[in-house]
S.K.: 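Shown below is the structure under consideration.
So that the names make sense, note that chain A is the first sequence line, chain B the second, and so on, each numbered from 1.
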Amino acid sequence: MMSPDSTTDHGSALLGRGLPIRCGPLTMRVGTSLPELAPALSFLYQDFPRGDDSLPDFDVRVGHASPLIGRALGQARASIDGHRAFDPFKRRHALPMFEWAVNFCVFTRPNRYLLLHAGVVERDGRGLILSGNPGAGKSTLTAALLFQGWRLFSDEVAMVAPGTREVLALPRPVSLKNESIEIIQRVAGADALGPSVSGTRKGTVAHLRPPTESVRRASEPADPRWIVFPQFEAGAAVELTPVSRADALLRVAAESFNYSVLGAVGFDTLADVVEGCSCHHLRFGTLADGLAAIQSLAETKDVAR
Amino acid sequence: MPALRFRVPVDAHLAWRRWDDEHLVYHVESGDTHRLSAVGASALQHLRDGPLDARELAGRLASPAQLTPDAAVLDTVERLLADLCDVGLVEPADDVA
């Protein structure tokens with residue numbers, strides 16, 4: 001296991017041939033040629049075990065855009081599996097761009113799983129899927145729930161093994177934006193977050209380091225029991241309303257990364273997940289209201305399944 | 001002139017799921033997921049069994065309730081068939097008996 005005491009080792013590996021990190025069912029090899037990026041990556045991934053370096057699912061690097069021009073312009077770029085990926089970006093945006101490059105790989109590569117665009121947390125073996133568009137409040141709710149006894153699976157993707165109802169954990173750093181950073185900082189403490197990076201296409205971005213326990217238990221799947229469609233509206237009264245299973249399937253499918261790729265297997269897998277869940281739309285105006293509504297949902301006795 | 005018959009394409013693969021009165025059908029060839037009413041789902045299942053024209057289909061749908069379809073029902077069934085054709089779940093049958 002990586003630990004703060006071995007930061008030096010991680011730093012040298014990150015700056016060298018790359019560090020294979022095991023994250024749930026995936027192994028990603030990551031690295032950088034930017035010295036200032038290594039400490040942030042070491043911090044965010046410090047609890048992750050090393051993976052099998054001979055069989056990474058993907059390789060993500062962030063380095064200088066070009067030996068001469070890139071350095072002069074303060075630009076960097078990402079590469080995936082040795083190939084340049086995306087346009088060059090400002091070097092000071094390297095950390096969020098690294099995470100987004102990993103997101104790209106996670107969202108597009110592991111088609112042996114059904115991949116839903118959703119946050120997922122777990123408690124007592126039961127999984128809560130938070131499905132919604134960007135800005136709906138998924139990541140903020142996901143992050144806040146970690147401090148109410150829930151285990152992190154992911155703030156971005158629900159991975160479901162076809163033929164099962166199991167949701168698998170991929171507990172990577174939680175991406176927080178703008179006002180959410182301060183909100184979660186108050187709950188988690190400043191030392192739980194990586195550096196804030198301003199001026200990105202999503203505003204100011206910071207990452208919550210995954211709780212050690214969540215990383216330690218990343219091999220333990222969850223049985224999904226609730227699907228919630230959050231909708232943050234500042235100042236709105238909290239409202240938790242049922243959503244039919246048919247509606248839930250159609251809405252979740254629309255936000256899936258590979259539902260159409262998996263065909264009938266994707267449909268059957270998602271239908272099996274939905275069948276075992278109670279599904280709800282949650283409108284909330286404050287984080288406290290959203291959390292209270294989810295708490296009340298989790299305390300409700302299971303309906304007949 | 002014989003009435004136009006419709007059917008589910010012979011090479012169509014459909015996956016179904018039903019919850020209460022909501023029916024979902026996944027059409028493998030198009031990759032589309034459709035929500036159908038109970039009547040629409042029943043119609044699709046009849047058309048999967050063999051080609052039917054609008055009047056024949058209306059009769060099959062009304063049969064469980066022992067009703068005789070009137071002009072309004074026939075009109076509804078014709079529109080249902082048009083909708084199912086539009087989304088590719090049914091097609092005109094070539095062999096009109």
Side-chain angles (χ1 to χ4, degrees), chain A residues 107-108 111-118 129 131 158 160-165 224-229 241-281 302-305, chain B residues 6-51 57 60-62 64-65 73 76-77 79-93:
Chain A
F107 299 162
T108 60
N111 284 327
R112 59 189 182 279
Y113 305 105
L114 175 63
L115 305 172
L116 311 175
H117 191 189
I129 296 173
S131 175
V160 186
T164 78
R165 291 191 66 254
R225 295 294 185 89
W226 309 278
I227 297 174
V228 172
F229 300 93
T241 52
V243 172
S244 76
R245 287 189 169 89
D247 270 342
L249 185 145
L250 293 172
R251 289 173 71 170
V252 173
E255 295 295 324
S256 169
F257 298 111
N258 66 349
Y259 173 79
S260 59
V261 172
L262 297 191
V265 169
F267 172 76
D268 284 331
T269 300
L270 183 53
D272 287 344
V273 169
V274 170
E275 184 137 342
C277 289
S278 65
C279 309
H280 304 266
H281 178 84
D302 283 345
V303 297
R305 299 172 66 212
Chain B
F6 297 85
R7 66 181 178 195
V8 173
V10 293
D11 57 352
H13 295 83
L14 305 177
W16 300 79
R17 202 60 71 111
R18 175 187 174 183
W19 294 297
D20 299 323
D21 290 334
E22 293 188 304
H23 298 255
L24 292 180
V25 60
Y26 180 81
H27 184 196
V28 173
E29 281 69 32
S30 69
D32 293 331
T33 308
H34 302 279
R35 187 201 331 242
L36 301 177
S37 64
V39 171
S42 182
L44 195 61
Q45 285 164 342
H46 284 301
L47 292 168
R48 185 180 55 183
D49 294 337
L57 179 58
R60 299 280 179 95
L61 294 173
V73 170
T76 299
V77 170
R79 283 187 279 115
L80 172 61
L81 284 169
D83 289 343
L84 292 174
C85 275
D86 281 346
V87 297
L89 286 174
V90 303
E91 64 181 6

S.K.: Return the CG to CZ distance between B/Leu14 and A/Phe267, rounded to the nearest 0.5 Å.
M.R.: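 CZ of A/Phe267 is found 10.0 Å from CG of B/Leu14.
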S.K.: Using side-chain heavy atoms (C-beta onward) and a distance below 4.5 Å, is A/Tyr259 in contact with B/Tyr26?
M.R.: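 They are in side-chain contact.
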S.K.: Under the rule for ring pair (Phe, Tyr, Trp, His ring centres under 6.0 Å), what residues qualify as partners of A/Phe229, not counting sequence neighbours?
M.R.: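 With neighbours one apart ignored, the set is empty.
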S.K.: What part of A/Ser244 gets within 4.5 angstrom of chain B, counting heavy atoms only: side chain, backbone, both, or neither?
M.R.: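 Contact with chain B: backbone and side chain both.
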S.K.: Near B/Asp21 CG, under 6.0 Å, is it more than 12 heavy atoms from other residues, nucleotides or ligands?
M.R.: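 Atom CG in B/Asp21 is not packed in, count stays at 12 or less.
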S.K.: List the steps, then state whether side chain to side chain contact (heavy atoms under 4.5 Å, CB included) holds for B/Arg17 with A/Asp272.
M.R.: CA-CA 9 Å; B/Arg17 202 60 71 111; A/Asp272 287 344; 2.9 Å; yes
S.K.: Decide, yes or no, whether a salt bridge links B/Asp20 with A/Arg245 under the criterion of side-chain N to carboxylate O below 4.0 Å.
M.R.: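 The answer is no: the pair does not qualify as a salt bridge.
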S.K.: Go through the atoms of A/Ala246 and report whether side chain, backbone, both or neither lie under 4.5 Å from a heavy atom of chain B.
M.R.: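 Both backbone and side chain.
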S.K.: A side-chain contact here means heavy atoms from C-beta on lying under 4.5 Å apart; do A/Leu249 and B/Arg35 qualify?
M.R.: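 The answer is no; the side chains never approach within 4.5 Å.
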